[in-house]
Amino acid sequence: QVQLIESGGGLVQAGGSLRLSCAASGRSFRGYTVGWFRQAPGKEREFVAAIWSGGSTSYADSKKGRFTISSDNAKNTVYLQMNSLSPADTAVYYCAAGFGGKSSRNYNYWGQGTQVTVSS
């Protein structure tokens, strides 16, 4: 069983940056793909980025160049660096661990989410 705890969300002005963290407890991320998803009010949960255990990464097309996913295996933590934020990025951001891909159905373990609000 993997417990995931997100942190780093908050309120930021348009054009600003935030770094989200996803820390694992219970067991490590080893062998899992870790993904970031987000859900805005009234919208479906959407894929943002994922990092495989070997270090390969994948991004939603609209996030390429602005968002960067990385991992620190020693700290058992995955990060999502978000730059050039806009109000359209306002959502609850979730990290998840599972078998990877862009579908949320491929992920077995989920954090509680962290709110990101971008003001104009």
Side-chain angles (χ1 to χ4, degrees):
Q1 187 89 10
V2 179
Q3 287 85 43
L4 305 176
I5 302 174
E6 302 100 334
S7 61
L11 175 64
V12 64
Q13 289 188 331
S17 299
L18 282 175
R19 188 178 78 158
L20 306 183
S21 300
C22 174
S25 64
R27 59 165 291 175
S28 72
F29 286 128
R30 185 174 298 177
Y32 289 107
T33 297
V34 178
W36 284 97
F37 291 78
R38 71 184 189 184
Q39 188 165 19
K43 296 187 177 181
E44 294 186 354
R45 190 168 297 188
E46 65 171 349
F47 172 77
V48 175
I51 186 165
W52 273 254
S53 57
S56 298
T57 59
S58 176
Y59 296 90
D61 288 342
S62 61
K63 312 302 182 292
K64 289 179 181 177
R66 294 196 301 125
F67 291 9
T68 303
I69 190 171
S70 62
S71 64
D72 185 332
N73 293 332
K75 295 183 177 180
N76 222 16
T77 300
V78 170
Y79 304 98
L80 183 69
Q81 177 68 42
M82 306 186 295
N83 299 325
S84 301
L85 288 164
S86 75
D89 295 311
T90 295
V92 178
Y93 284 71
Y94 299 89
C95 71
F99 298 105
K102 298 182 177 182
S103 173
S104 60
R105 292 174 293 182
N106 295 339
Y107 295 82
N108 305 93
Y109 305 104
W110 291 82
Q112 81 288 352
T114 185
Q115 176 71 47
V116 171
T117 303
V118 184
S119 63
S120 58

Trainee: Over all heavy atoms of both residues, which pair between G26 and Q3 is shortest? Give the atoms and the distance, please.
Mentor: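 Answer, listing the atom of G26 first, then Q3: CA-OE1, 3.5 Å.
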Trainee: Can you name the nearest heavy-atom pair linking E6 to G113, along with the distance?
Mentor: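 Closest approach of E6 to G113: OE1-N, 2.9 Å.
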Trainee: Going by heavy atoms in the side chains, are R66 and Y59 under 4.5 Å from each other?
Mentor: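 Not in contact.
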Trainee: Looking at side-chain heavy atoms only, is the closest gap between Q115 and T90 below 4.5 Å?
Mentor: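 They are in contact (side-chain heavy atoms under 4.5 Å apart), so the answer is yes.
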Trainee: Tell me, do M82 and L20 make a side-chain contact under 4.5 Å, heavy atoms counted?
Mentor: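 When only atoms from C-beta onward are counted, L20 and M82 do touch, with a gap below 4.5 Å.
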Trainee: Is there side-chain contact between V116 and R38, with heavy atoms separated by less than 4.5 Å?
Mentor: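 No. Closest side-chain heavy atoms not under 4.5 Å.
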Trainee: Decide whether L85 and L80 are clustered together by the hydrophobic rule: side chain heavy atoms of Ile, Leu, Val, Met, Phe, Trp, Tyr closer than 4.5 Å, transitively.
Mentor: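 Shared cluster, yes.
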Trainee: Are S58 and K102 close enough that some pair of their side-chain heavy atoms sits under 4.5 Å apart?
Mentor: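 Side-chain contact under 4.5 Å: yes.
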Trainee: Taking the side chain as every heavy atom from C-beta outward, state whether N108 and F99 have any atom pair closer than 4.5 Å.
Mentor: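 N108 reaches F99 side chain to side chain.
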Trainee: Any chain of hydrophobic side-chain contacts (each under 4.5 Å) joining F47 to F67?
Mentor: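 In one cluster: no.
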Trainee: Linking I/L/V/M/F/W/Y whenever their side-chain heavy atoms sit closer than 4.5 Å, directly or via other members, would V48 and V92 fall into one cluster?
Mentor: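 No: no chain of side-chain contacts under 4.5 Å links V48 to V92.
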Trainee: Can you name the nearest heavy-atom pair linking L11 to S119, along with the distance?
Mentor: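 Closest pair (atom of L11, atom of S119, distance): CD1-CB, 4.3 Å.
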Trainee: Say whether L18 and V118 are linked into one hydrophobic cluster, either directly or through other cluster members, by side-chain heavy-atom distances under 4.5 angstrom.
Mentor: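 Shared cluster, yes.
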Trainee: Hey, any chance Y109 and Y94 share a hydrophobic cluster, counting ILVMFWY side chains that come within less than 4.5 Å of each other, even indirectly?
Mentor: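 No; Y94 is not reachable from Y109 via cluster members.
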Trainee: Does a side-chain heavy-atom distance below 4.5 Å link F29 with L4?
Mentor: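 In short, these two side chains touch, coming nearer than 4.5 Å.
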Trainee: Counting C-beta onward and ignoring hydrogens, is there a side-chain heavy-atom pair between F37 and Y107 closer than 4.5 Å?
Mentor: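 The answer is yes; the side chains approach within 4.5 Å.
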